[in-house]
Structures are given as structure tokens and as C-alpha cells.
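I have placed the structure first, in the form of C-alpha cells, so that the comments after it can refer back to it.
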Amino acid sequence: MSAKEAKAVRTRDEITPETLGLTHASLLEMYYCLRLARAVDERMWALQRSGKAAFVISGQGHEGAQVGAVYALDRDRDWLVPFYRSVAAVLLKGMPPAELFLIQLGRATDPSSGGRQMPGHYGHSRHKILSTSSPVATQVLHAVGIAYAAKVRGTGEVALTELGEGATSEGDFNEALNFAAVHRLAVIFLVENNGYAISVPVSKQMAVPTVSARAAGFGLPGVTADGSHVLHVYAAAREAVARARRGEGPTLLEVTVPRLTAHSSDDRQEKYRSADDIAHSKEIDPVRVFTEELRAWGVLTEERRREIEERVRREIDLGTEIAEAAPLPDPSTATRYVYAEPGP
Amino acid sequence: MSAKEAKAVRTRDEITPETLGLTHASLLEMYYCLRLARAVDERMWALQRSGKAAFVISGQGHEGAQVGAVYALDRDRDWLVPFYRSVAAVLLKGMPPAELFLIQLGRATDPSSGGRQMPGHYGHSRHKILSTSSPVATQVLHAVGIAYAAKVRGTGEVALTELGEGATSEGDFNEALNFAAVHRLAVIFLVENNGYAISVPVSKQMAVPTVSARAAGFGLPGVTADGSHVLHVYAAAREAVARARRGEGPTLLEVTVPRLTAHSSDDRQEKYRSADDIAHSKEIDPVRVFTEELRAWGVLTEERRREIEERVRREIDLGTEIAEAAPLPDPSTATRYVYAEPGP
Amino acid sequence: MAEKRFIDAIHDALHEEMARDERVIVLGEDVGRKGGVFGVTEGLYEQFGEARVLDTPLAESMIIGVSIGMAVGGLIPVPEIQFADFIHPAFDQIVSEAARLRYRSCNDFGCPMTIRVPFGGGVHGALYHSQSIEAFYAHVPGLKVVVPYTPADAKGLLKSAIRDPDPVLYLEHKKMYRMVRGEVPAAGDHTVPIGPAVVRRTGRDLSIFAYGLMVHEALQAATVLSAEGIEADVVDVRTLRPLDTQTILGSVQRTSRALIVHEDNRFGGFGAEIAATIAEEGFRYLDAPPTRLCGPDVPAVPFSPPLEDWFMVDAEKIAAAARRLVAY
Amino acid sequence: MAEKRFIDAIHDALHEEMARDERVIVLGEDVGRKGGVFGVTEGLYEQFGEARVLDTPLAESMIIGVSIGMAVGGLIPVPEIQFADFIHPAFDQIVSEAARLRYRSCNDFGCPMTIRVPFGGGVHGALYHSQSIEAFYAHVPGLKVVVPYTPADAKGLLKSAIRDPDPVLYLEHKKMYRMVRGEVPAAGDHTVPIGPAVVRRTGRDLSIFAYGLMVHEALQAATVLSAEGIEADVVDVRTLRPLDTQTILGSVQRTSRALIVHEDNRFGGFGAEIAATIAEEGFRYLDAPPTRLCGPDVPAVPFSPPLEDWFMVDAEKIAAAARRLVAY
Ligand SMILES: Cc1ncc(C[n+]2csc(CCOP(=O)(O)OP(=O)(O)O)c2C)c(N)n1
Ligand SMILES: Cc1ncc(C[n+]2csc(CCOP(=O)(O)OP(=O)(O)O)c2C)c(N)n1
Ligand SMILES: [Mg+2]
Ligand SMILES: [Mg+2]
């Protein structure tokens, strides 16, 4: 083993609940979030398969990255600028499952868009979650602008934005890194690298093995964390948030994650992914890995697991019920809010 | 002196006509190009000041970078994708001074645009110089596409494209680096870093000291050469061309250059540049430095210098005469070539 | 003749042009191994190899910018933009570069390139997978813009576009891929010239001008109207730039009434150009105001079915507008 | 009242709004220490500091994208795009993001932002420093587009734009900066509402619709025409979106003849929308075809003086078109 490898292993060994100062309660909260996100996501697929929803785009496999990162934020004060896989992130940031199903089913009371956007386009001003669009990478600049505003206004807010590794090929991502570095803004670029942009493998997207390598050339730190291990992500994100809070500027935090589903319900991944690749993804599933880790650390008893499972199931069922009972939008509202309406 | 500094100095010392295998004839050809470019440029300003030309954008200070780089190309086979400061580059690539004045004066026989474009928008298919537009950085992708075509068609062509450091903030530049690296294309990105994007100093454009630092994160080599020393640029460019020719891919070649004039005839640089800064630029003028170097190396006698000076003056005068005598475009031609015209 | 789906006609044109001319190269997001998100480029990667069927990184400005360079370098690129909604990052490369290269160089350089773009709504695609973009690009001198409706035109226009020496924006309505079928000449080299519009149905009472999916809806409306005694001339505009004003004015001359239909937002949409041309050049023929029926002025198509239905122009809405116009 | 140049009116509006509301922030290429390439932001950097008058890196998509984030974060950004010709890289951020944020979030988020953009030809700027871009953006639901002509409007509309809760594209014709002078109310808080057009001159024989520099040319033409006994109504459209169709139709009702003038290319230009609206809603008033006089359909303005003169619409060309229209 080379010295470098030894150091990497040591660093990873050092990431334990103890070294991070995480209580059992915190660990179980993270666990609950992972399970909840997975369950919400699975229900979204069920709704689609049963013909109730037109489309799903999934966060399965990305939960470790998102829970690890968002857990490091001040969830009341900081901003989340999400993307279409941000199921776990928006749940942890405060949106209840029912709201995600309202979005999924395009109901009038969908809090993100009133049924105007496709599933997966999250947003919620009260939770400081910026509205999501579909063009990839545009949101990265918005996060940077939010961080600039925070700096000028002295609010101490940090902005965390999420994107896929595919989106890092867009000009906007690079322009954002550059501007954030020049102004040392409190923004974290969370790149969830799942190895594919729909069908295009990373090897055809970029000539370097990691996205984080991009950071140095713009003058900000770049880190790659293993998204199968929630605490690895949490450790890296906590450091990035601390840096941002101290006014030392942005961090590019890449997290390697498995994509456990096809790109979306419109895709068939068997066409371009080998059976081995798909099988390997399942092995590094962060939910599975964290479950094992918590058991090994003696945090998760079988009883606790069942309790959480039960709670998640109830919440999902309740959320689905609420969403299914909610009305579809009335076409007479369709012309509203192209522009602000005059106040009362 | 640290080991690193020592190495840098040694490396620089190694760059001599001898180590590069350059004959006196070659050195004098380079010198002639530098002087010619400077003289053409000065004449362009004179034409503007006398009211004959509406506008000048100048290459003064960039000649060392351009002559050094273009000299490393196979000027018949390879492509130049220039920008508005490419006076020296297009001269060396084959355009005679008269053509630059035809462009400057917007004459019907301007070979780049028939008087349709502003001064400084070079192009010439016969010389494999791609037509220039004004939006910065767009051309970088064109050079990459040319290199892709060369690869597919097996022509062995290399594409050299020029841009300023300011243009590296645009998304297109970054998208181009990425694509070129993925496909290991025979393209050289020549960034002429003159410290300013109009009035905006490098410190407000980027958080890193050199543009070449950007390269590694995209998976291509990045080099910074000192544009005051033509042979330093030539050495770096020759290496980049050789790499490209061997099929090993692109190089980001940054060359630091002084900007000896205002951004253009519409700018007054005293507003944003200190007197010291402007004075320092003059000291590192590549024409001046190369003249001294050639003298020191015993290549340039006073007699030779005068001969070259004389030749340059004749060519400039002749070129100006031709251009001034040329007709302005006839408005009846203005609708032509929006689309291809049917062949005979 | 063989009956083909709209999507197959496009596929076949690509296949034949690639086989015919090795300079033709297809590039874009997921066009290779996956065969495109809609399956249009299915099989090309296997047949022509990855150098000519290129899965690009996710960057539209790059896709077009690199294509321009390819064209200069002697290839004939056929870039695909995955959804019309995502062409906007490439706006500068298309408008400032591809469209102007020939003019600005006074014919020294050209830019043969066909940009294939799936567009349009009615597919639950919401704000960002439903957009119509023709108005932006039909305004740009130096570009040609085509919107086929029949499979035969889809094939023939694509072949013409690929052989055209100038950049062509080829808009394919994604709802039509598997919905529209039609005869396509099987043998020979079937091309359809860029430019001429075509009258799909003749009638004396009003002219309906449409393109893409809206021709389908207009023809259905015409059938309904015919049963009521109203005979519509239905003109499939097909090429938006250059626009066939002769065929358009000829139709108005016959009917004296013009209904212009498109799915894109009304205000500043392409219909305004057709209406303005008719008003200006066909003024003497008109017995009623040239009338537009278009998508409402909200940002593209909202998602939820009641909202989407509200947005989309269909046969019923066309028939209603036609009745009003005839009654004018 | 004080006589001001067009450029000073814009400068003053920026200055007053920055002084009035510390959330207002100016950003763009060279807007800081240099005071803008045209001098519009002169002095703001010195007065308000570099955090609020920001020299950005050279990247238009970034300028707009970051501005959107600033707006979300509680600031009121006033980004400058150095030349209209260079706004295209930001097309996606403007069209997909700024213009849609409110609609797509069903009013949960808004995007107060004023994008200042010098545009237009007649300044030896050639293909890439002369462009008109209003047709692209006036077509976009969610955006407002204003084009002032008088210094008073330049000031008043800019102030209204900055206070508007939605994104406004503010187009300033760069040829007017130092050419056009006019009275600007000196005291108080002078604003001009976004929306209403204004009749600059009344006449019974034809209506001329124009905006920006073309109002200047139209008024000059009207003076010439008046000497010949032709009285033109000249309507300064001022706001392109939302368009004041009432004032436009009112004018046509008085004159029965409409001449629509703009500098941008004719085909698919904004004039088509005005002409189509007049044709559709003012059909009964018309005694002659609504007629457009616009820039020719070549890519922007060629450089050399004879070519530029050929391109530009001016008083003489307007007067000639008006005579033809009145003689119809
Ligand atoms: C500008 C733009 N181009 C294309 C698309 C279509 N598209 C949606 S997701 C996607 C792949 C994104 O890959 P990546 O960024 O790696 O995220 P992932 O889906 O893998 O999480 C593409 C091409 C889009 N949404 N936006
Ligand atoms: C897309 C675009 N935005 C803005 C401009 C206006 N502009 C012309 S040159 C320039 C500065 C370029 O700086 P740099 O790239 O460093 O080149 P330099 O002029 O210093 O050689 C700017 C902002 C432009 N030409 N294109
Ligand atoms: Mg991915
Ligand atoms: Mg520079």
C-alpha cells in the first residue's frame, strides 16, 4: 500500500459517529430520512406504474449524498437550490411527503408549481428551496447569486446547489464556479456523480476521473466523497459549510453515487448499462450501506428499525391519500402569475 | 533561489536559437513579421486618427505570442481561428498588408467580408483562416470542430485558436476544453493574457493567477509562456503542435502579453490603468525585447535592421495605397450571400 | 410506396444520407448507444460507428459550436438538440455564428448543417418539454426553418436539409413520432424542396394555415366543418423560412378568409408574420380580418391534464374559430 | 424641468434608484471603474462602491443567472449587457429562468430585475454591434420589454422597470445617447408607467408606429410630409410587451392607414405583431393594407458606410413609404 493510499484509508477510518460528534438521535434522524426518501421514491414509481402519474424521475441511490450534505446545513437559515433528483434533500429541508405526492400527481395544491410543472420540479419559498426548472446547470448560477446577495446583505446564509455530473459540461456550471471563486461566496456545489448523463457514461463526458478536479483551476477547493457512506458526505459537507460560514468561499463537493433506477420512467437503462454495472450499483446502495453501518455501530436495533419502517409507511400512506384526494388545477387559473398580480 | 525557481530559470536559459535549431534566416523572418505587424497596426491607428477609418482594434503587444505560436504551425496545412487582435497571426499565415488595410477601410475587396464587418474581423479560406465574429469565445468551439473533422477525415491538420483571457470566463471556452480533451483533438487554445478584459483586471475575472491552471481539471496540459520572448512562445507552441500531430490531444497555451494600446480606439485606458502599469507594458514590449535579443545573439546587425525596416515601410505604404484606391462596396450587393447562390 | 410512421421517415432519411455521403455525421446527447431519447437515431451507432454517431457531453452551445467547426472542416453535421426547450444555450452559436458565417465572410465560408429538434406539446411535458421555438429562429436571416407534417415530407425535407449548403433548423413535433403515419416513396431518392408550401385540402370558404401537428388538427377540423357545409382550404406551410407567400396568397385569393393556427404562444409568434403578410399583400382579397388561433400567452404548456388541454390548440378549437371567421 | 441628454436621463434614473433603495445593484462588463463602455454608469462605482457596482467577468449567461439568484436573495439587480448583440449567450437564463420563475412556481418566487441593453445601428457597428433584438424577447411571456425614445421616458420607464416585480428588458438605442435631448422633470419622483403608448403627433392621413430611434425618424418624416399636406399620427409604442393595442387601434381608427416602422429585420420582426393586431382587430377601420417598413432581411447591419446607409431606415424612407400608403 502506498503512503497516499494509506492516508486515504486512515482518513476514511477517522470518519465515525464519534469523530464527527454525532449522537444516536442524529444518526437515527439521518437513517429515518434515508428510509423516508427511498419510500417516497418507490411510491412515486408505484403511482406511475399504476397509471396515476405520468412520469417519475428518481433520487434512488442519491439519498446518501443528499442527506449527508443537507444535514450539514442550517436548515432554517440556508438555501437549497435543488435538481430533479432532490427527493431526499427537499424532504430533509422540510417538505412533507404529501407535498411530494401533490407534485407527483400535478394537483392544484402542489406547493412547488400548482400542478404546472412536471414531477420532480421542487421548490418552496418558506423552506428556502428555490423553484426548479428543467434545463440542467442553470440553477448553479442562481445559487451563486443567492450567495452574493447573502454576502452584500450580511445574512450569513449559505447556498447549497445540486446537479449531476453531466450538467458540469454546461457552460453555466463553469461560469458559476468562476464567479463564486472570484467573490469567495458562501456556496456549495454538490455534484452527484452517478456515472451517467442519461445514457452517456462519464468517460464520454469528461477526460478526468473526477469532477472535483475541475475546482483547482477556478481557485476553489474540490473534494470527492463516497456517497454510499452518508457520514463521509456529511463530514465533507460540514467542512464546506464551515468554510463558507467563515467567509472563506465556495467548495466543489463531488459525491459519487449509484443510479439505482433508469434515468426516468421514460428510459430503459438495459440498453446501455451492463448487468454487472446495474448489479454493482445495488451493492453500494447508500440505504443498504448505512443500515449495515448503523447496525455495526450498535445504533440500529431491529426494534428501532421496525419502528422507523412503520412510521415511514404511515407517512407515505397518509401523504399519498392526501395527494390523491386533492383536486386538479382549474383551467381558469392557468393565466395567473405570468406576471405579479396587483396587490390588494 | 528555490529548486523550482532554479529549474524555471534553467528551462528558460535552454530556450535559445541553438537549442531550438532555428537558423538566422528563420529568426530574421520572425523579426520581420514582428516589425511588419507592428507597422501595420500603427498605420491602422494613423488611418483612424486621420478620419479614414472608423475604428481600430489593435494587436500591439500581442505580436510575440502570435508570431511565436503561428511559426510553429504548418502554415499551409493547419488552421488559424483568430480573434480581433490577430494582426501578426494573419499576416504570418499569409494575408498581405494590403488585405488588412482593405479590411480596415471596409472596401469592397476586403477579402474577409467585402466591407461587411468592422475592422479586425479577419478571415480567409485560402489561407485557412476562419472568418472572425465579434462575440468572444464562440470561435473556440469552431476550432474544436475543425479538429474533430480533421481527425475523422485523417487530414493531419492542427487547429490553433486565439482568444483573450477575458473570453475564458465564457461558458463556450470551457465547453470547448472539455470536448477537445474527451476526444484528444489536435487543437491548441492560445490564450493571450494581457491582464484586462477592456477595463476589468484579471483579479476580477478569475481567482487563479494563470489561465493555464484551468487545463488540468479538463484533462489537458496547460502551459504559460512569456509573450515578451518570442522564442519562449515558439518553444511551447512547437511542443503543443508536436503533441497534437502525434494524436496526443489538445494543449492550453497561455501567453502573458502586454496590452500596449487602449482596448480599442473607442477606449481611454487612463481611466482604469495606472501610469506605472502602462509604462511597464512598454518595457516588456515583445518587439523591443526581440530586437535586443537578436542583437545580443549577433543575428541582427544595424544594416539588416535598416533593410527590414525599409522593406516593411514599403509594404505598408504600398498596402495603404492599394486599399485607399479600392472602391467601397456597392449597396446593390448587400443582399447577396445571406444564403448560398445557385451555382452556374 | 410504403406506410411509415413519422419517426421512421426521419430515421430513414438519416440512415440513407449517412450511407450516401460519409461526410454526414450525427451528434448530440444520447444519440449513440441509446439511439436518442425518442429512438430516432436507433441503430445508426451500430452501423456507422461512434466517430460518426457521437454521444456528446451535455452542452448545447458546444454541440452547435463544434458542428460549425465540423462544417468548416469538411463534414456535414446533423446535430440533434434533445428537446427544443434545451436549444436556448445554443442561441448565440446558431444566431451569431451558423446563420451569419456566409454573409459575414461574403461567401468565403459556408455552414452546411441541419439541426434536428423535437418540439411541441400535448405529451405531458409541461413548461420545459413542450416548447415551440420557431418564432425565434424564423426571424433570423441566414437560417432556414422547416416543419414537416407528413412522413413523406419528414423524409424528403430532411434529405434536402442535409444537402443544403446553409444551416437548416428542422423541427419535428414529438407528438407525431408514433401517431402520424403515411405513405413514403420507397424507391429512389425521395427529396422535398425547402420552400414550397402545399395545399393539403381545397375549399372555398376559408383558408387555414398551419404546420406540424397543427396541420393534423386543421385537417380534422376541416372534415367536421365540411359536414356543416363549410369548405376549408388547408395549407401546410412546411417551410417557415423562406416562406412561400405565393401559395399562401393564392389560397387567400380563393377563399377571402384566413385563419392562421399554431401551437406556440400567440404574441409575437410566427403567425403574426403570416397574418401581416396576408394583410399587406393580400389586402384586396380579404373579406374578413386575418385571424390567429394560437397557444395562449403563458410560458409554454403547463403540466396537469386540465391545464395542458386548456393550452393546446386542437381540431375543436380550430373548427370553432373557423365558424366565427366564416360568419364574419 | 431640465434639458437632458438621453444618456444622462438613464444615468440619473440609475443613480436615484440606487440612492433610494440599497437593494438596487448594478452589474456587468466594465460598468464599474470604467463607468460602462458608453459611460452610462459613470460615477456609480465611486459613489456606491464595488459591492453594488460590480465589474463582472466576461460571461453574459453568468450575469443574468447570477442576477436571478440575487433577486431571489432579496436584491434588485440591474444587469447591463454591453451590446444587444452579446445578449444571446444569456438567452436561456432570460427565457427559461427569469421569465418563468413566477409562473412555474405559481407565484411562490418572483424575479425583479431590469436588464439594460444598448442596441441598434447607425453607429458603424456592423453585424455585431448594431443588432435589434426586441422580436426575440417580446415574444416571451413573463418578460416586459420597453424601448424609450424621449429622455423623460428613458428616466421614467427605467425607474418603473427597477420597481417592477417582474423582469424587464430595457432597450436603449445607442445612437440616441448623445444625439437626443429633451426636457426631464427635475423635481420629484418622475416615473412613466410600463404599458401605455403615447401619440407624439396627431394627424388624420396615416398612423406611423415606431419605437426608439425610429420615433425620431418618423417625426422628422412627419414634418416633411406635413409640408406636402400629409398629416401623420405618430405613435411612440414605448412598451412592446405588454402592448398598448388600445392606443394603436385608436390611432388607426382616426387615420385608416397604418405604417409600422422598425430597424430590425422585417421577416418575423416585431412589426408583424403590430400589423397582425391591426389587421385582426382594426380590420373595419382600414382603407389600405397595414404596411411595414423595416430593416432588410440580412444579418444585422453591414459595416461600410454605403452598406450601412442602405440598411438603416430613416426619415426619407419613411416619408416615401408614407406617400405610397396615402396614395393607395
Ligand atoms: C440544457 C439541458 N439539456 C438537456 C436536458 C435533457 N436531460 C435531462 S437530464 C439529462 C442528463 C443529466 O445528467 P446528469 O447531470 O449526470 O444528472 P443525472 O440525471 O445523471 O442525475 C439530460 C441530458 C436538460 N434537462 N437540459
Ligand atoms: C460575448 C461578448 N461579450 C462582450 C463583448 C464586448 N467585448 C469585446 S472585447 C471584450 C474584452 C475581451 O477581453 P479579453 O478576452 O481579455 O481580450 P483582450 O481584448 O484583452 O485581448 C469585451 C467585453 C464581446 N465582444 N462579446
Ligand atoms: Mg449523472
Ligand atoms: Mg485581455
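Note on naming: letters A, B, ... go to the chains in the order of the sequence lines (proteins, then strands), and numbering restarts at 1 for each one.
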Residues from residues 140-147 of chain B approaching chain A under 4.5 Å (heavy atoms)
none
Output the residues of residues 165-187 of chain B for which the shortest heavy-atom distance to chain A is under 4.5 Å, in residue-number order; output 'none' if no such residue exists.
B/Ser169, B/Glu170, B/Gly171, B/Asn174, B/Glu175, B/Asn178, B/Ala181, B/Val182
Within residues 196-209 of chain B, which residues come under 4.5 Å of chain A, heavy atom to heavy atom?
B/Ser203, B/Lys204, B/Gln205, B/Met206, B/Ala207, B/Val208
Taking heavy atoms only and a threshold strictly under 4.5 Å, list by residue number the residues of residues 233-262 of chain B that touch chain A; give 'none' if the list is empty.
none
In this structure, are over 12 heavy atoms from other groups packed under 6.0 Å from A/Arg77 atom CZ?
yes
